[in-house]
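Just below is one structure, and these are the notes that go with it.
The sequence lines fix the lettering, A, B, ..., with proteins before strands; numbering per chain opens at 1.
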Amino acid sequence: MTYSEVENVTGYIGNFKVTIRKKARYVDEKECNACGDCVKVCPSCTPDEYQMGFSTRKGIYIPFPQAVPSSYLIDMKTCLGNNPIACAKCQEVCEKKCIDFDAKDEVVTVDVGAIIVAVGNDVYDPTELDEYGYRSYENVITSMEFERLICAGGPTEGHFIRPSDRTRPKSIGFIQCVGSRSKKRGNPYCSNICCMNTIKDTVLLKDHYPDTDVKVFYMDIRAFGKGFEDLYMKSKDEGVHYVRGLPGEVEENPETGNLIVTVENTTTGKIEKHELELLVLSVGLLPRKDSDVVRQLLTLSRTSDGFLMESHPKLKPVDAPTRGVFLAGCAEAPKDVKDSVTQASAAAARANVILASDKLTVEAITAHIDPDLCKYCGLCVKVCPYKAITPTDRKKKIAPQVIEAACAGCGTCGAECPFDSISMRHFTDAQIYAQIDAILDTNSQDKVVVFACNWCSYAGGDFAGISRLQYPVSNRLIRTMCSGRVKDEFVLYAFRKGAPVVLVSGCHFADCHYIDANRQTQLRVEKLWDKLEKNGIRPERLQLEWISAAEGQKFAVVMKAVEELRQKVTAEEIEHTKEVLAPKPKKKPVEEAASSA
Amino acid sequence: MAQEADFKCLRCGNSFRAPYSPETEPQERACPNCKSNSVRRVKEQKEAPGKK
Ligand code: SF4
Ligand SMILES: [Zn+2]
């Protein structure tokens, strides 16, 4: 389905329901044979987005030559209007009678078992970098615009010309890392494709026009893929001049339209000036702005660079954190065609595993809600990162239910439920209290209770162990799948049982294996700090640490630090804590009191 | 300019200012001194009613 937008997604792995708006094309795509008669008579005209505005298109058009289906559509913003019909010239000439000005958007719902997110990327707009004069000087273009100008299917049919005077430029410069690898402007990350794209462009230029003087201004060239270094060498052998240094200023000679580029060549340490007839800004890639809708619908998260986060960077690089959803291409990170095809193939194969199975096996670690204990507060629905809990209705007394196929077992709902109506299979409250008891039943003053999440901090402890790092024996670990499972009551219970120090540890925010469940952990710990302080207990006695599986060293350092804190906690403090946190005796219900009287 | 708030490290006691905006909370923070994540925002004291 092309020319369509996803409007809603409900359901879970194997059973998604996707609502899609098929935008009105005003041309019957099945009947249209793309003869083009309509285009000849259409009087309206607008810059062609696909040709980066270097040429125009009509109101009735095919967005790009390879578009599927190969049939025309009418862009109503450009068309002279269908309400009332203002021109209808296309309708008059269309022999197959495919044009219908009354066509409406169609909303369809499809059932799917798996979803692949391949929303692509946006491209950096270099207007803010005034030193390069994009938008001020006609002959400064972006690498995307270059692609159109050199392409045989482009506005000049591959006859390479510069915009100002439509002549072939004899000297061309490329500036690398425009909008990439900068903490001040643009983005801090490397856009991955720009070095090789420029190298490919220089080879193309030299192939077509060997007499062109081509210069590349760069910080460093990243040519690490198969055959990439060879292409770089080929470019150099063909006489492309690589200047190590990014230009600080670009000026235009108003008479010739040529550009004077000032650059510090960091290899020679000298300031150089280069006169060029055309300058190409090798712009970086950005996460697609409008992908946020899809992200929210599928409860996906983003990494700090804004691209969609994979379930695990090494072990599940194609899976999204939401089960049954997979990522392909630049939706996940900037990548070239080859990597995009590789990831897309992997995503298709992963999706096929789901589609080929009659039954799906899910983890046994899921939440279970006891409807008899539920008071319909709806907190669990709010905090579940996977939207795995059906909505509650207080008025109708409908308790929420856990969709087991969608539940990932983080335990956040169980930790948040104020009425103890949610139990986590394999990590029940009773099991965790029993572990706290076992730790603190004897010599509690010598122990630190450490809650560690399965994927990161517990694994960090393992790594510290296999790295033979020393850390104090006073730390006793309780493993939960996610730090989001650590209920405030677990911490208070440990203090009540005489724990001098409690540590809650989990994954760094960007690494949470349950989308963002550990954010609930932090909020809970912050509330606990307030509560402890209010009760005259030093909040320092509750520690919070984010430790990744690779941070064995940090794990050992943290364990030493909490042991030092433990040694400073006095016996009086522990006794005082036990007293103030002791459960208050419950007031007897009136009837009970009456009957006992 | 980005909003800032006062924070206190609950491991080493270091006090520092760091970017803070209620809309983007919670955020992962680390003490610039000891790198601990036990970083607590120092909430402004509420003015007693009637006091200027
Ligand atoms: S355990 Fe986590 S994923 Fe499962 S229902 Fe509860 S909050 Fe949602
Ligand atoms: Zn500190």
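Enclosure of atom CD in A:Q296 by more than 12 non-hydrogen atoms of other residues, nucleotides or ligands within 6.0 angstrom is indicated. Around NZ of A:K531, the count of heavy atoms belonging to other residues, nucleotides or ligands within 6.0 Å does not exceed 12. Around CH2 of A:W529, the count of heavy atoms belonging to other residues, nucleotides or ligands within 6.0 Å exceeds 12. Within a 6.0 Å sphere centred on CD of A:Q553, heavy atoms belonging to other residues, nucleotides or ligands number 12 at most. Other residues, nucleotides and ligands contribute at most 12 non-hydrogen atoms within 6.0 Å of the OH atom of A:Y458.
In this structure, A:E526 contributes its side chain and B:R40 its backbone to no donor-acceptor pair below 3.5 Å. Looking at B:E28, its side chain does come within 3.5 Å of a backbone N or O of A:F509 through a donor-acceptor pair. Checking side-chain atoms of B:N37 against main-chain N and O of A:W546 turns up a donor-acceptor pair under 3.5 Å.
Proximity to chain B involves both the backbone and the side chain of A:Q543, based on heavy atoms less than 4.5 angstrom apart. Neither the backbone nor the side chain of A:N518 has a heavy atom closer than 4.5 Å to any heavy atom of chain B. In this structure, chain B has no heavy atom under 4.5 Å from any part of A:V504.
Atom NZ of residue A:K554 and atom NZ of residue B:K35 lie 10.0 Å apart, to the nearest 0.5 angstrom. One finds the CD atom of A:E540 at 9.0 Å from the SG atom of B:C9 (value rounded to the nearest 0.5 Å). Put simply, NZ on B:K43 and CD on A:E533 are 8.5 Å apart, with the number rounded to the nearest 0.5 Å.
The two residues B:L10 and A:P539 come nearest to each other via the heavy atoms CD1-O, 4.0 Å.
Ion pair B:R11/A:E545 flagged as a salt bridge, since at least one NZ, NE, NH1 or NH2 atom sits closer than 4.0 Å to an Asp/Glu carboxylate oxygen.
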